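The structure presented is a predicted model; accordingly, all values stated were derived computationally and were not measured. Labels below follow one simple rule: chain letters A, B, ... track the order of the sequence lines, proteins then strands, and each chain is numbered from 1.
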Protein chains: 2
Amino acid sequence: MSKARRATMSDVAREVGVTAKTVSRVVNGEGPVSAETRARVLEAMDRLGFQPNLMARNMRVGARDSTVGLVIPDMGNPFFGTVAGGIEGAVRPRGLTLLVGSSEETAEGERSLISTFLARRVTALLVVPSADSDHHPLRAERAAGLPIVFLDRPPNRLTADCVVSANREGARSGVAHLIAHGHRRIAFVGDLSTLYTRRERFQGYRDALAKAGIPLDRALVETGHDHEAAAAAVVRLLARKDPATAVFAANNFAATGVVLGLARLRRRDVALVGFDDLPLAEVLEPALTVVAQDSAAIGKAAAELLMARLDGDRSRARTVEVPTRLIVRGSGEMPPTV
Amino acid sequence: MSKARRATMSDVAREVGVTAKTVSRVVNGEGPVSAETRARVLEAMDRLGFQPNLMARNMRVGARDSTVGLVIPDMGNPFFGTVAGGIEGAVRPRGLTLLVGSSEETAEGERSLISTFLARRVTALLVVPSADSDHHPLRAERAAGLPIVFLDRPPNRLTADCVVSANREGARSGVAHLIAHGHRRIAFVGDLSTLYTRRERFQGYRDALAKAGIPLDRALVETGHDHEAAAAAVVRLLARKDPATAVFAANNFAATGVVLGLARLRRRDVALVGFDDLPLAEVLEPALTVVAQDSAAIGKAAAELLMARLDGDRSRARTVEVPTRLIVRGSGEMPPTV
DNA sequence: TTGTAAGCGTTATCAA
DNA sequence: TTGATAACGCTTACAA
């Protein structure tokens, strides 16, 4: 019962009294097979619950699997969900199936997941790198013609196609927006500083401050990698003797956390601009001003890069930067409390 | 360049001057290999960028792949992201890798994704069924010993393990809560009625009404499968001559949409209870009362069922119901406007 | 219209 | 400690 071996083509063939090759023909709808034989084979396949072994097929054919592997850092972050949706919509018409795994934001998780995909001979590989991962070992795969595209964050120690948001410019514009509304004590709440997106957005923050002649105050730079951490950061930022009058939250979790923190403090006088939009942004009070990323477009761009490579594009690695968009809703336009 | 063949064990072996079997021993850290041979093999592997072909290995070993396949309807829904996270946390310690694909809520997408997983000989299969899918064809796989667990929604035409939320009872308690606060015109905004979860939650809604002696008014039952559809539904519900004084939103998208709709109408006098919690629920005004699902627990329970099967549990199919929890925050306690 | 032989990349078995 | 041979399930090339 438990050792019930799975039916193979030979099993089906024996059942019907033909050869495996004939079953193969029926399965692949290829070559000439008499209607009667075909019917008998189909019947036996159904009766035995035959499922072709794609591993064996792919091995023989030498063809790659019709699967695209995607490595993301976190299944729970809707940003990556939307990115994945964008990819899927683009590769599906081509008959490719997207399979997603999570690295849990660790280099080891990422390495082992990539290995899993490579060992299964995916048609192409999409990776959102986790901090500190090294992509140098992938050079052989790339040389062997495997399309590899990095998303959201660039590869480390490897030149390859890459799609990212306009992080620096987007952050700059968001912070400049706060400055334009009179703020000079603007806090930055972001991920761990090892992350590429955090570094870029932090640079944009510095660019905006510099342009306005505002010195960087390290005391206003906080880390909030999840909701509660960001909420706690806000409490600290506002408890200072010289508190922040505005906050730039550098990702969706940070923005959510800052909103939570401010609400718990019953503070409605602190300006806020978030990076990445939230579904409920417009109903918050005040409504949340954000630098919106086009996450679906990021996925789509990556998928298109990938498919161009599959179609034989051998040009050098490209980096696509997807623009962001400032959405003004209220929270970013409040003046500083004097 | 483009046809660069991938290095095989034989390639590595030839390079070093040994046999494929020796390389195999090194790769699998099995059997006796001299330290020197091992070093030379490892060096050659690295130089050639050798990646073992798992398809070939699995085929030979006859072993199942160390992969668990998960089919979800929608990558963009954070509920499924959290469920996936719960599964991953439970199967990873066992050395299993979770691979996720999206059916886009279509029976065909689900069928083809399941086929993809079966053809790749996953160790186990996890499925969130889409509406109208038929799982009868999976009976042979189940008989062959493949653990199959359904999540969030039960299988159709197949008896199998299943993990669901206490949908009916949860919805009943949410609606009863509104009734306890004086409401009698309570609207229901949910998914398409073909969906299991929608049907169950609707039953819970009816149960609560019946218990209170309130007749069901079909005019108060609306469909809102995404944010905007739910927002539009609210507008209709409140525009009636005999409008709803409270709304029960039967899933997270519907709840978000209802909140959006109410905010756009500037209506703060309509009571609301949502099914499934939202990250920003506590900061809404009024804060959102919800029937919270434990999505991570659903994933974990499914993973545990699955692993028990892998460990040889042959008992009959079980259905696990994960309890929900009413979280009172304000929106559900508002009295009806007279 | 169907069958035979060989081989894809790996590992089990047994021998050296 | 290492190698030769066969086999996993399937498809290609060729023959019947």
Has the side chain of B:R121 got a donor or acceptor atom sitting under 3.5 Å from an opposite partner on the base of D:dG9?
-> no
hbond_proxy B:R60 side chain to D:dG9 base (donor-acceptor, 3.5 Å cutoff) | no
With a 4.5 Å cut-off on side-chain heavy atoms, are [Y] and [X] touching?
X	Y	result
B:V100	B:F80	no
B:E15	B:L48	yes
A:T197	A:R153	yes
A:I114	A:E141	no
B:L96	B:L310	yes

For [N], take OP1 and OP2 only and decide whether either is under 4.0 Å from a side-chain N or O of [X].
X	N	answer
B:S34	D:dT2	yes
B:N28	C:dT11	yes
A:S24	D:dC10	no
B:T37	D:dT2	yes
B:T22	D:dG3	yes

Determine the contact category for B:E36: base if any of its heavy atoms lies under 4.0 Å from a base atom, sugar-phosphate if only primed atoms, P, OP1 or OP2 are that close, otherwise nothing.
-> nothing
Sugar-phosphate, base or nothing in reach of A:T19, heavy atoms under 4.0 Å | base
Roughly, in whole Å, what's the span from [atom1] in [X] to [atom2] in [N]?
X	N	atom1	atom2	value
B:M9	D:dC8	CE	C1'	15 Å
B:K21	C:dA12	NZ	P	5 Å
B:R25	C:dT13	CZ	C1'	10 Å
A:L54	C:dG9	CG	C1'	17 Å
A:R120	C:dC8	CZ	P	23 Å
A:R57	D:dG9	CZ	C1'	12 Å
A:M59	D:dG9	CE	C1'	8 Å
A:N53	D:dC8	CG	C1'	9 Å

Which of residues 40-51 of chain A sit near DNA chain C, with a heavy atom under 4.0 Å from it?
-> none
Between NZ of B:K21 and OG1 of B:T19, what distance do you get to the nearest 0.5 Å?
-> 10.5 Å
Distance in Å, A:T8 OG1 paired with A:Q51 CD, rounded so as to fall on 0.5 Å steps | 13.5 Å
Considering heavy-atom distances to DNA chain D, does B:V18 or B:A56 have its closest nucleotide positioned more toward the 5' end?
-> B:V18
Pairing of A:R92 and B:E108 as salt bridge, 4.0 angstrom limit = no
